[in-house]
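The structure appears right after this line, and notes come after that.
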Amino acid sequence: MHLALVGPTASGKSGLAMSVAHALGDVEIVSIDSMQVYRGLDIGTAKPSTRERAAVPHHLVDVAEPSDEWSVAQFQRAARAAIADIESRGKRALLVGGTGLYVQAVIDPLTFPPRDAAARAALEREVASSGGVERLYAELTQVDPDAAARIEPSNERRIVRALEVFRSTGRRFSSYGPGVQTFGTPVVPVHLAGVWLPRALLARRIDERVAAMRDAGLVDEVRELVASTALSRTARQAIGYQEIIAHLDGETPDLDDALARTADRTRSFARRQRMWFRRDPRITWVATHENPCLVLPALLALWSR
RNA sequence: GGCCGGGUAGCUCAGUCGGCAGAGCACGCGCCUGAAAAGCGCGGGGUCACCGGAUCGACGCCGGUCCCGGCCA
């Protein structure tokens with residue numbers, strides 16, 4: 001049985017994972033993180049250190065160039081391959097991360113319909129020329145009422161995606177699966193645990209983390225990164241990177257403003273993570289109102305049965 | 001001391017001719033299948049600095065007071 005540790009950002013998952021790995025001895029870590037996949041995005045993604053990665057094997061970290069457009073489907077393939085590899089060596093995987101969709105992509109039977117750049121471009125042109133998504137939403141309601149019911153009429157990105165799939169594959173978007181609201185038996189056998197901290201504590205930890213990233217040289221990292229590579233759309237929107245880029249471009253002249261904005265966005269990200277994971281009844285929550293490392297005994301008890 | 005701005009939601013600020021007080025961010029509650037650290041929806045919040053006046057009716061007009069910023073002395 002594999003293990004998974006989820007929870008919002010800055011909740012202490014990574015540190016706990018290292019302790020668990022040492023205690024159990026037969027696990028390798030699989031990072032479930034949409035931004036740690038990018039090489040060069042180190043400080044701002046709180047990537048595990050080289051020392052940690054030497055002590056315990058980490059998978060799905062540094063597997064993409066920052067100029068690449070990484071995606072959930074790629075992650076699904078790569079993570080499942082990593083898990084198979086770990087199994088082949090007689091070890092167990094310890095999945096650790098906060099990207100909710102990626103967790104489900106790995107452990108649940110999600111089938112991602114293919115992409116079609118031309119269909120998408122055509123749809124985006126239609127949005128631009130008609131000055132909104134109303135017409136496309138009406139079209140989606142016609143051809144795929146189930147998908148339309150799951151998508152809000154103003155959510156351009158998801159409306160475009162659903163129609164991209166319909167037009168390019170001829171199959172309704174909703175025919176590819178019941179959605180991420182279905183929590184069955186995982187296709188990758190795994191025990192799910194989540195770290196739960198009170199909001200005020202998490203907010204404090206986020207502030208501390210942002211300050212620590214600044215002290216660790218986040219601004220220099222971003223400066224060198226943008227000087228040496230054309231960051232992809234996905235990589236450049238990483239929390240901390242987007243804000244520091246705006247600072248370096250002069251859009252946010254005051255660095256403290258950029259850092260405050262980073263903390264704001266991290267908090268709202270943590271809120272969405274909380275919403276995402278809270279729905280999953282398969283997660284056993286371990287909570288503390290102090291230092292997250294205090295939940296280690298509870299975690300080990302949970303996982304040694 | 002004089003002159004000119006300004007004081008409206010936790011923060012930054014809109015508010016037309018006097019007619020039920022607004023936005024963005026924050027905060028709260030949610031949604032979610034190839035960008036997910038993305039994208040989207042809903043909600044709670046107000047002594048409109050204070051006192052007085054004219055008016056059917058004032059955030060807005062008139063008088064005064066306090067506070068902040070700038071310029072001049």
Side-chain angles (χ1 to χ4, degrees), chain A residues 8-10 31-38 41 44-47 64 66 68-78 97-117 119-120 124 127 133 137 144 146-162 164-166 168-169 171-183 199-200 202-203 206-207 209-210 213 231-245 252 254 257 260-280:
Chain A
T9 188
S31 160
I32 311 290
D33 188 299
S34 65
M35 293 299 159
Q36 288 186 0
V37 297
Y38 290 113
L41 276 64
T45 64
K47 199 175 280 179
D68 292 341
E69 295 272 348
W70 188 255
S71 79
V72 61
Q74 278 174 279
F75 190 89
Q76 184 184 54
R77 283 192 293 273
T99 305
L101 177 63
Y102 282 20
V103 173
Q104 278 191 261
V106 174
I107 70 170
D108 284 320
L110 266 50
T111 304
F112 294 93
R115 276 190 299 209
D116 184 321
R120 169 170 294 252
E124 279 164 0
V127 173
V133 286
Y137 188 71
D144 189 351
D146 290 339
R150 264 190 259 154
I151 300 174
E152 265 140 355
S154 54
N155 198 334
E156 176 181 330
R157 184 166 307 178
R158 299 194 50 245
I159 294 166
V160 166
R161 170 62 184 156
E164 171 195 352
V165 170
F166 178 75
S168 62
T169 69
R171 274 181 62 184
R172 287 175 293 114
F173 183 67
S174 59
S175 73
Y176 286 88
V180 288
Q181 194 63 269
T182 307
F183 304 101
R199 251 164 259 187
L202 196 62
I206 287 169
D207 287 342
R209 169 182 277 202
V210 170
M213 287 174 175
L231 288 183
S232 69
R233 185 181 53 174
T234 29
R236 72 167 48 245
Q237 73 193 6
I239 296 174
Y241 295 84
Q242 185 181 104
E243 290 76 13
I244 299 301
I245 289 168
T252 313
D254 188 341
D257 289 344
R261 177 81 192 102
T262 299
D264 285 352
R265 202 149 74 97
T266 307
R267 248 179 286 118
S268 86
F269 171 46
R271 191 187 67 77
R272 275 178 286 132
Q273 291 176 301
R274 196 164 60 232
M275 293 300 163
W276 182 282
F277 290 123
R278 195 147 74 174
R279 301 175 312 163
D280 192 334

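Proteins get letters first, then strands, A, B, ... in listed order; numbering begins at 1 in each.
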Span that lies between the C1' atom of B:C61 and that of B:G57, in whole angstrom: 13 Å

What is the minimum heavy-atom distance between A:Ser174 and A:Arg150, and which atoms define it? CB-NH2, 3.7 Å

Give one of base, sugar-phosphate or nothing for A:Pro113, where a contact means two heavy atoms less than 4.0 Å apart. base

Would you measure the distance from the C1' atom in B:G53 across to the matching atom in B:G60 and give it in whole Å? 15 Å

Do any side-chain nitrogens or oxygens of A:Gln181 fall under 4.0 Å of OP1 or OP2 in B:C32? yes

Can you find a pair of side-chain heavy atoms, one from A:Phe75 and one from A:Ile32, that are under 4.5 Å apart? yes

Test salt bridge (Lys or Arg N to Asp or Glu O under 4.0 Å) applied to A:Arg161 - qualifying residues, sequence neighbours left out: A:Glu164

Range-with-range stems of RNA chain B (Watson-Crick or G-U pairs under 3.5 Å, three or more in a row): B:1-7 with B:66-72, B:10-13 with B:22-25, B:27-31 with B:39-43, B:49-53 with B:61-65

Distance check, P atoms only: B:C51 and B:C66, in whole angstrom units. 15 Å

side-chain contact (heavy atoms from CB on, under 4.5 Å) partners for A:Thr169, two or more places apart: A:Pro114, A:Val165, A:Arg171, A:Tyr176

With respect to the phosphate group of B:G34, does any side-chain polar atom (N or O) of A:Arg120 fall under 4.0 Å of OP1 or OP2? no

Give one of base, sugar-phosphate or nothing for A:Thr111, where a contact means two heavy atoms less than 4.0 Å apart. base

For A:Arg199, which residues count as a salt bridge (Lys or Arg N to Asp or Glu O under 4.0 Å) partner, sequence neighbours excluded? none

Would you kindly give the CZ-to-C1' distance between A:Arg278 and B:C32, to the nearest whole Å? 15 Å

Whole angstrom is fine here: how far is it from CZ in A:Phe183 over to P in B:C31? 9 Å

Say we look at B:G43 and B:G24: how far apart would their P atoms be, to the nearest angstrom? 12 Å

Measuring only the P atom in each nucleotide, how far is B:G44 from B:G10? A whole number of Å is fine. 15 Å

Answer with base, sugar-phosphate or nothing: what part of the nucleic acid does A:Phe173 contact at a heavy-atom distance below 4.0 Å? sugar-phosphate

Across the strands shown, which category fits A:Arg267 at heavy-atom distances under 4.0 angstrom: base, sugar-phosphate, nothing? sugar-phosphate

Can you tell me if the side-chain N/O atoms of A:Tyr241 get under 4.0 Å from OP1 or OP2 in B:A37? no

Nearest-nucleotide wise, let me know which of A:Arg271 and A:Gly179 is further upstream toward the 5' end of RNA chain B. A:Arg271

When you measure from the side-chain N and O atoms of A:Arg161 to the phosphate of B:G34, is any distance below 4.0 Å, counting only OP1 and OP2? yes

What nucleic acid atoms does A:Thr45 come within less than 4.0 Å of, heavy atoms only: base, sugar-phosphate, or nothing? base

Which part of the nucleic acid does A:Gly44 contact within heavy-atom distance under 4.0 Å: base, sugar-phosphate only, or nothing? base

Between B:C59 and B:A49, how far apart are the two P atoms, rounded to whole Å? 10 Å

Can you measure A:Gln76 atom CD to B:A36 atom C1' for me and round it to whole angstrom units? 14 Å

Give A:Pro178 one of three labels, base, sugar-phosphate or nothing, depending on what nucleic acid heavy atoms sit under 4.0 Å from its own. base

With A:Gln74 via side-chain contact (heavy atoms from CB on, under 4.5 Å) - residues at least two apart: A:Trp70, A:Ser71, A:Arg77

Using only side-chain N and O atoms of A:Ser154, determine if any of them is under 4.0 Å from OP1 or OP2 of B:C40. no

Is there side-chain contact between A:Val103 and A:Phe277, with heavy atoms separated by less than 4.5 Å? yes

Start at the 5' end of RNA chain B and walk down; is the nucleotide closest to A:Arg279 or to A:Leu101 reached first? A:Arg279

Verify the contact: side-chain N or O of A:Arg77 to OP1 or OP2 of B:G34, cut-off strictly under 4.0 Å; return yes or no. no

Under the salt bridge (Lys or Arg N to Asp or Glu O under 4.0 Å) test, which residues partner A:Glu69, sequence neighbours left out? A:Arg233

For B:A9 versus B:C27, give the span between their C1' atoms, rounded off to a whole number of Å. 12 Å

